[in-house]
Asks: 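Below is a structure I'd like to ask you about.
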Amino acid sequence: LAFSKAPILELPIELPPRRSRKRSRSLYLQLKEAIVDGRLRPGLSLPPTRTLAAALGLSRNTIVAAYQALLSDGYLSSRHGSGTYVAPVTPLTKFRGVKAVNAARRHPSNRFWRSTAASVSKAFRASSQNPRFNFQVGMPDRTHFPFETWRRLSARALRAFARGPATRMHPQGRTALREAISKHVSYARALACEASDILVTTGAQQAFDLLARTLVTSGRTTVALEEPGYPMLRTAFMAAGARIAAIRVDEEGLIVDRLSKDTRVICVTPSHQFPLGVVMSLSRRVALLEFARARGAVIIEDDYDGEFRLGGHPVDALKTLDPGGLVFFVGTFSKCLFPSVRLGFIVAPRWAMTQLVTAKQVTDFYSPVHAQDTLAPFIAEGHLARHVRKMRRIYDERRQVLCNSLEECFGDLLQPILVPGGMHLTAWASSLAVETATLRAATEREIQLLPLSSLYSGRSPRPGIVFGYGVIDKQAIVEALALLRRSLDRKALPD
Ligand SMILES: Cc1ncc(COP(=O)(O)O)c(C=O)c1O
């Protein structure tokens, strides 16, 4: 490309080599772009063809052809006797300086999605940092997963898919998977249900979204959420326009007495409260079900890591006590397999299934079929149960090591809430100063920790730290806690 400048227009113009037939076309395009983006403003007088031809070293015909094309497209106008002008085209540059936020306000854009939802969900996105010691909450260990088995089942599913008829899939989910899930929850969670009671979802998050869409009337329905609790669940209900009531949790779980009479949906994690870990007592479960029955409310049971209860007495799902039609049980394969499989499910009361299936269909038609057809035999042939048994042992050992290290390194400064099971543990900090100093030292030492306060919607009444041990091994736990203790700013600590 030859490069030359039209001094008269103050416009850098690049042109193809001399004998190219495309020179006029190229000039046309460059002038047009300059007009559209505002570098050549409306009303500007263009140089006579002869002058521009001389300046660019082109033939006059080339310029005339370009001007004529611009005239006929409406980018230029000519007044007899007084030359050629840039027509009044709205230059796009007008918008260039406008910040994205302002532009979003000017155009149809929902404030909730623009600001509130964005600020909550940012914390749950992938971070580019790779911490040296990763206590990330909610992330399971993949290194022990039987990928070879998964690969074999996946290949089998693909072969069957390639041979099978091209039929439309049902939004409720593949029958074989729903049958496998119904057996799995009956065995693992003492929950009697049939394949027809199950809706396959894209993880628990979609289950929350579908339940919020179908149960909430915007601005009218009061939804009680645990405080502290899982922010992504809260966001799904806020998006649906729910009136949110944050209800405190104590050592027996959600404080049922604090529910207001107008509450219509209650979301709980009864098997392993997120994030405190406590198990909802039997008397609270009964009180909660009684409340729902009396008030015409429903309960959403988020059983995100129900498979990983350890030691102590196994806790049945709340849904096993459901007298009928009150409890939606939400399960996920994000913890017992891995989150990227994006499969979960709802065991729903019969009266609600049709509306949920319709909402699922409107949202994404159905969940990816190949993943469903791989997961179904993975469960049915016993691989899931085997993997869960193995992981329980591993997480249990890590938990023990974490508790011992906390005790050894921090004593009373960080006191773990001792409840069996799961893949995270919350520790109360003895003061806000201890929490702040610990988090600061963790950042300096590349140790990823979660402040408990980030899981409250309001002010957190007690400082604390949440430790996930899904992806960190025993040795790293010991090392990280010793390092953290050494790095604590002694001045911030009590004598
Ligand atoms: C309390 C709780 N509920 C539900 C989920 C949902 O997981 P997913 O949407 O990956 O199934 C998580 C994930 O971390 C969680 O911590």
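All figures in this text were calculated on a predicted structure; none of them were measured in a lab. Whatever order the structure lists ligands and atoms in, that order sets their numbers, starting from 1.
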Asks: Where do Pro140 and Val471 come nearest, in terms of heavy atoms and distance?
Replies: O-CG1, 3.4 Å

Asks: Taking side chain to side chain contact (heavy atoms under 4.5 Å, CB included) as the criterion, tell me which of Leu375, Val388, Leu153 meets it with His383.
Replies: Leu153

Asks: Could you work out, with salt bridge (charged side-chain N to carboxylate O under 4.0 Å, His left out) as the rule, every residue matching Arg248, not counting sequence neighbours?
Replies: none

Asks: Measure the spacing between CZ of Arg114 and OG of Ser119 and express it to the nearest 0.5 Å.
Replies: 12.5 Å

Asks: As a test of reading the model: which residues have a non-hydrogen atom less than 4.0 Å away from ligand 1?
Replies: Gly203, Ala204, Gln205, Phe208, Tyr230, Phe274, Asp302, Tyr304, Thr332, Ser334, Lys335, Arg342

Asks: Please answer whether the main-chain N or O of Gly325 pairs with a side-chain N or O of Trp351 as donor and acceptor at a distance below 3.5 Å.
Replies: yes

Asks: With under 30° as parallel and over 60° as perpendicular, where do the rings of His424 and Tyr304 fit, or are they tilted in between?
Replies: parallel

